Structures are given as C-alpha cells and as structure tokens.
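Single-structure report; data block below.
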Amino acid sequence: MTTVSIPAGWPATEEQARAVQDELRERVVLDEPGPPPGTGRVTGVDVAYDDERDVVVAAAVVLDAVTHEVVAEATAVGRVSFPYVPGLLAFREIPTVMAALDALPCPPGLVVCDGYGLAHPRRFGLASHLGVLTGLPTIGVAKNPFTFSYEEPGVRRGSASPLLAGTDEVGRALRTQDGIKPVFVSVGHRVDLGNACAHTLALTPKYRLPETTRRADSLCRRALRQATS
DNA sequence: GCGACAG
DNA sequence: ATCTTGTCGC
C-alpha cells in the first residue's frame, strides 16, 4: 500500500478551498457522452477514516464492465487533509484517492465516485474535481440527496426522476432495485447524465449500490484495519 | 439568526 | 464517515 502526504499548496481554509473549486470548475467537460455503458472497464474509488489517528485509506478497484470481475486493485494511506465540511468533501479525499489510482497497474476507464459531481452547491463536487485533476471520465453515485429535491421515482428498477437545484436538473434519483431507496447520480467529467445512469444500472444487477462502490468500500475498510492494527 | 448538509 | 450483534425476512 502506497503512502501519500498532503500536497504542497493544499487549501488550509474553507475560503481557499471554495476559491479552488470556482477556478477548477471552468475545466469540467460536460459535452462528451463518455464510454459506452457495459463495455471496457469501470473503477470504483472510496475511502475509510480513522479520525483518532488522523489516517485515511483509499481504495481503487477496477472491474470488467461486463462480468464485474476484479481486474486490478490498489490502496493508499494518507493523513486527513481537510475537515469534513459539506460541499468541500473533495479536499478530504482526493490526494489519497489519486494515489490509489496512480498505483493501479492498468488504466481505470470510467471512475465511479461515492458522492456527487455536478450536484453540488457550486456545481463542482468530488467526481467533477477528481475528473478535472486526472482527466478521466467520472460520475458520482451518492446514497443521499444532499440539499437537493426530487420526486419519488417509479417503484421499478430503472425508474428515475430529476434531482433538482431549484429548476436545474443537476442529477437524477435512480431506482436501482425494485422498491428500494434510489441512488443519486450526477455527472462528473466527460460523461453525460444519460450514460452516467446507464452505467449505474449496469453496475447494479443485484444490489442498490454499484459493484464498483461495494468493492472499493470493502477494500478500503479492510486496508484501514490492516494499516491501523 | 437557525437549521440542514455528499462522506 | 463512525460507534456496533443479533435478528427478522426473502
């Protein structure tokens, strides 16, 4: 497992972090469809924390988009680089997540993040930020609607409804299993919303959350226990 | 001013 | 995110 330190010039205050978001937001690419769903490779990234020891562990797991078999995986350990502030999550997770992605032996393909992309107070969530810094196509799949509103989608898997910031559709509430709480999909970088939802459905044949997220989540928890004990 | 608020 | 075992249900 590789170790990372907090990057030089990393924001130290909320004001600095918001300024970085406002600047990097200009570089997000929203007019590409992205890789075709159900083909190539998809990578899940996630992090686990030990706030007592100020440690964060990130995992990146590459899956075959068709079989969902694990093609490669990597982990990285770092220091917590920012407190948790709603809207500034990326500053807490990105350095370690990027180190895990760098440690992969193969290209990640589409990256699926735990959280938001466009669905963000300044339209620049974790998935957008990671996409801009890596150049990779990214999407965000979150478990909660954050501050946004939506109407309950149909009860069947595949049903969706707009995730709204006022009248702007910033993402979609997507039902990935019959009768189960939807997930909240938004675009990150170089993928359109229709494809982001199609990828999410392709990754949820059995469970509410994408296989990518599930695999990355269990790996980073395992790695945290190992790094901590 | 107060409360809500991805992980 | 994290604290946390068994248990109810398909």
Side-chain angles (χ1 to χ4, degrees), chain A residues 11 14 17-18 20-21 24-25 28 44-61 75-98 100 111-132 138-150 155 157 163-166 168 170-174 176-189 193 196 200 205-210 212-229:
Chain A
E14 297 183 21
R18 290 190 194 95
V20 169
Q21 290 181 329
L24 292 183
R25 183 177 52 206
V28 175
V45 292
D46 195 17
V47 302
Y49 301 99
D50 182 338
D51 282 315
E52 292 295 302
R53 308 192 189 206
D54 204 39
V55 165
V56 52
V57 170
V61 180
T75 55
V77 215
R79 291 292 182 178
V80 173
S81 52
F82 210 84
Y84 172 66
V85 179
L88 300 178
L89 179 63
F91 296 93
R92 190 167 165 76
E93 309 199 336
I94 275 191
T96 317
V97 166
M98 285 185 69
V111 177
V112 180
C113 299
D114 213 359
Y116 287 115
L118 235 205
H120 177 273
R122 286 168 296 284
R123 304 295 180 271
F124 194 73
L126 171 64
S128 320
H129 201 145
L130 185 65
V132 165
T138 60
I139 67 172
V141 179
K143 300 184 267 315
N144 299 290
F146 201 10
T147 62
F148 303 103
S149 60
Y150 68 101
V155 68
R157 163 176 155 84
L163 185 63
L164 298 171
D168 294 342
V170 294
R172 223 161 260 170
L174 177 66
T176 56
Q177 296 298 322
D178 291 356
I180 299 296
K181 176 180 175 170
V183 297
F184 303 89
V185 178
S186 60
V187 154
H189 185 58
L193 185 54
T200 302
K206 186 166 164 51
Y207 299 102
R208 175 183 177 232
L209 297 179
T212 39
T213 301
R214 290 164 40 78
R215 301 309 267 269
D217 181 75
S218 71
L219 178 56
C220 69
R221 290 190 197 221
R222 237 180 301 140
L224 177 64
R225 290 171 55 178
Q226 178 204 314
T228 294
S229 62

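The sequence lines fix the lettering, A, B, ..., with proteins before strands; numbering per chain opens at 1. Predicted model, so just to flag it, every value in this text is computed and none were measured.
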inquiry  = At a heavy-atom distance below 4.0 Å, which nucleotide of DNA chain B is the first touched by chain A, and which is the last?
reply    = B:dC5 to B:dG7

query = A:Ser218 side chain to A:Arg215 main-chain N or O, any donor-acceptor pair under 3.5 Å?
reply = yes

query = Step by step, would you call A:Tyr150 with A:Phe184 a ring pair (Phe, Tyr, Trp, His ring centres under 6.0 Å)?
reply = CA-CA 10 Å; A:Tyr150 68 101; A:Phe184 303 89; 5.0 Å; yes

query = Looking across every strand, which nucleic acid part, if any, lies under 4.0 Å from A:Leu88 by heavy atom: base, sugar-phosphate, or nothing?
reply = base

key: For chain A, the stretch of DNA chain C it reaches, first to last nucleotide, under 4.0 Å of its heavy atoms   = C:dA1 to C:dT2

request  = May I have all residue pairs that pass salt bridge (charged side-chain N to carboxylate O under 4.0 Å, His left out) and include part of residues 76-96 of chain A, sequence neighbours excluded?
outcome  = A:Asp51-A:Arg92

key: Whether A:Phe91 and A:Phe82 hold their rings parallel, tilted or perpendicular, with breakpoints at 30° and 60°   = tilted

ask   = Judged by atom type as modelled, is there a donor-acceptor pair below 3.5 Å linking the side chain of A:Arg123 to the main-chain atoms of A:His120?
value = yes

ask   = Counting only N and O atoms by type, is there a donor-acceptor contact under 3.5 Å from the side chain of A:Arg122 to the main-chain atoms of A:Gln21?
value = no

Approximate separation, where rounding is to 0.5 Å, of A:Phe148 CZ and A:Leu164 CG = 10.0 Å

key: Side-chain touch A:Phe124/A:Val132, heavy atoms, less than 4.5 angstrom   = yes

query = Are the side chains of A:Arg222 and A:Thr75 in touch, meaning some heavy atoms are under 4.5 Å apart?
reply = no

request  = With pairs defined as Watson-Crick or G-U wobble and both distances under 3.5 angstrom, please note down DNA chain B as a dot-bracket string, | for pairing with another strand.
outcome  = .......

request  = Please work out if A:Gly140 contacts a base, only the sugar-phosphate, or nothing of the nucleic acid, heavy-atom cut-off 4.0 Å.
outcome  = nothing

task = With rounding to the nearest 0.5 Å, note down the distance linking CG in A:Asp114 to OG1 in A:Thr212.
result = 9.0 Å

ask   = Looking at residues 47-56 of chain A, who's got a heavy atom less than 4.0 Å off DNA chain C?
value = A:Ala48, A:Tyr49

message = A side-chain contact here means heavy atoms from C-beta on lying under 4.5 Å apart; do A:Ser186 and A:Leu163 qualify?
response = no

ask   = Looking only at atom types and distance, does a side-chain atom of A:Arg208 sit under 3.5 Å from a main-chain N or O of A:Pro182, one as donor and one as acceptor?
value = yes

request  = Using modelled atom types only, decide if a donor and an acceptor are shared between the side chain of A:Glu14 and the backbone of A:Val85 within a distance under 3.5 Å.
outcome  = no

message = Expected output check: what is the dot-bracket annotation of DNA chain C, where ( ) and [ ] are pairs inside the strand (brackets for crossing ones), | is paired with another strand, and pairs are Watson-Crick or G-U under 3.5 Å?
response = ..........

query = Between A:Thr138 (side chain) and A:Ala127 (backbone), is there a donor-acceptor pair under 3.5 Å?
reply = yes

request  = Please indicate whether A:Arg225 has more than 12 foreign heavy atoms, meaning atoms of other residues, nucleotides or ligands, lying under 6.0 Å from its CZ.
outcome  = no

